[in-house]
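Here is the naming used below: chain letters follow the sequence lines, and residue numbers restart at 1 for every chain.
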Amino acid sequence: MTAPTKPPHGGPADALSASPLGEKSSLSGEHLHSPVIDWFDEHARDLPWRRPEAGSWGVMVSEFMLQQTPVNRVLPVYEQWLARWPRPADLAADAPGEAVRAWGRLGYPRRALRLHGAAVAITERHGGDVPTEHSQLLALPGIGEYTAAAVASFAYGQRHAVLDTNVRRVFARAVTGVQYPPNATTAAERKLARALLPEDEGVAARWAAASMELGALVCTAKNETCHRCPIAAQCAWRLAGKPEHEGPARRGQTYAGTDRQVRGKLLAVLREAHGPVPQSALDRVWHEPVQRARALDGLVADGLVEPLPGGLYRLPLTRL
DNA sequence: CAGGCGTGGCC
DNA sequence: TGGCCAAGCCT
């Protein structure tokens with residue numbers, strides 16, 4: 001094959017260059033030996049959804065669970081889900097409330113509902129197989145830009161820019177030279193990600209997983225370990241002396257005392273119970289009646305809770 | 001597009 | 001101790 005000739009040198013200017021978008025930097029490499037992929041070959045974690053037997057459904061389930069939830073907490077729940085619902089049609093045939101219950105304490109339980117909804121759509125519209133097209137994936141509930149690219153790339157080996165928080169941080173540091181990426185993904189970030197993507201489909205998929213893993217294990221938000229980084233020598237941020245984040249503090253998440261906390265407590269009661277729960281049992285989780293009622297109403301509106309006659313509540317047995 | 005949406009571990 | 005952080009999505 002024609003090995004594209006690489007610029008003779010991969011110094012800082014290569015990674016940093018004001019217009020790195022027209023050509024691949026040495027970070028990804030259009031050849032088959034990017035330092036990040038080499039590092040990945042050596043240090044990638046052996047995660048169940050990366051094994052061939054996981055299949056596209058396993059990849060998709062893992063991506064839903066990993067949205068804002070750490071790997072270690074996902075692992076046991078992932079195993080339970082795949083054992084119980086080995087195919088999308090298996091989950092689709094069960095009640096949505098069972099998905100919510102089996103979600104356990106992963107957090108953001110609307111993801112469980114959306115994953116169930118996606119399984120129903122896959123069963124009804126795609127013959128029970130996770131679709132291969134990015135646009136079809138994007139049309140499923142709970143799948144956005146990132147997850148569609150991740151499933152297409154990790155499950156089907158396709159060439160997509162997979163821009164998650166890890167990759168965005170790696171690019172922000174190594175290429176742009178700042179500590180953190182913007183709050184929301186920008187057009188410039190998408191353009192950069194596309195420009196860095198290796199041409200070859202299989203290499204591109206490998207690169208996507210590798211750059212994500214680098215952000216998860218080495219180029220972390222706090223306590224990054226540059227001495228273990230395969231591109232430390234070209235990293236714009238490190239070369240600039242690792243300047244601190246400038247500008248307004250990044251938006252933090254509040255939790256204590258919010259409706260979210262109340263919703264969590266209400267749903268925990270319903271998860272533990274098998275069968276309808278009386279209002280009085282729910283009243284015990286929060287002292288303030290107005291906020292309590294608002295939280296319960298919200299859960300019902302979201303389809304996470306099903307109200308029954310006689311002041312009883314349960315996880316949803318039927319679809320909305 | 002800023003803000004809502006769970007949960008737990010870490011420094 | 002409490003703010004920050006963890007493979008986002010939706011409105």
Do [X] and [Y] meet the criterion of a side-chain donor-acceptor pair at a distance under 3.5 Å?
{"X": "A:Tyr146", "Y": "A:Gln67", "result": "no"}
{"X": "A:Ser34", "Y": "A:Arg206", "result": "no"}
{"X": "A:Arg228", "Y": "A:Thr225", "result": "yes"}

Could you pull out every donor-acceptor pair under 3.5 Å between side chains of residues 88-96 of chain A and any protein atom, sequence neighbours left out?
| from | atom 1 | to | atom 2 | distance (Å) |
| --- | --- | --- | --- | --- |
| A:Asp90 | OD1 | A:Arg87 | NH2 | 2.8 |
| A:Asp90 | OD2 | A:Arg87 | N | 2.9 |
| A:Asp90 | OD2 | A:Arg87 | NE | 3.1 |
| A:Asp94 | OD2 | A:Trp85 | NE1 | 3.1 |

Using heavy atoms to find the nearest nucleotide of DNA chain B for A:Tyr255 and A:Ala184 separately, return the residue whose nucleotide is more 5′.
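First, find each residue's nearest nucleotide; the 5'-ward one identifies A:Ala184.
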Sorted by position of nearest nucleotide on DNA chain B, 5' first, the leading residue of A:Leu304 and A:Asn223 is A:Leu304
What one-letter contact string describes nucleotides 5-11 of chain C from 5' to 3', where B marks a base within less than 4.0 Å of any protein heavy atom, S marks contact via sugar-phosphate atoms alone, and - marks no contact?
BBBBSS-
If Ile, Leu, Val, Met, Phe, Trp and Tyr residues are connected whenever their side-chain heavy atoms lie under 4.5 Å apart, and connections chain through other members, are A:Trp237 and A:Val170 in the same group?
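No, it is not one cluster - the side chains of A:Trp237 and A:Val170 are not joined through contacts under 4.5 Å.
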Between [M] and [N], how far apart are the [atom1] atoms? Round to whole Å, please.
{"N": "C:dC4", "M": "B:dG6", "atom1": "C1'", "value": "15 Å"}
{"N": "B:dG8", "M": "C:dC9", "atom1": "P", "value": "23 Å"}
{"N": "B:dC10", "M": "C:dG8", "atom1": "C1'", "value": "22 Å"}
{"N": "C:dC5", "M": "B:dC5", "atom1": "C1'", "value": "16 Å"}

Specify whether A:Trp81 and A:Trp103 have parallel, tilted or perpendicular ring planes, treating 30° as the upper limit for parallel and 60° as the lower limit for perpendicular.
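Ring orientation of A:Trp81 relative to A:Trp103: perpendicular.
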Walking along DNA chain B from 5' to 3', note the first and the last nucleotide with an atom under 4.0 Å from a heavy atom of chain A, and give both.
B:dG3 to B:dG8
Under a 3.5 Å distance rule, please check whether A:Thr186 uses its side chain to pair with a backbone N or O of A:Glu189 as donor and acceptor.
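It does hold such a pair.
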Any sub-3.5 Å donor-acceptor pair from A:Arg84's side-chain atoms to A:Glu79's backbone N or O?
no
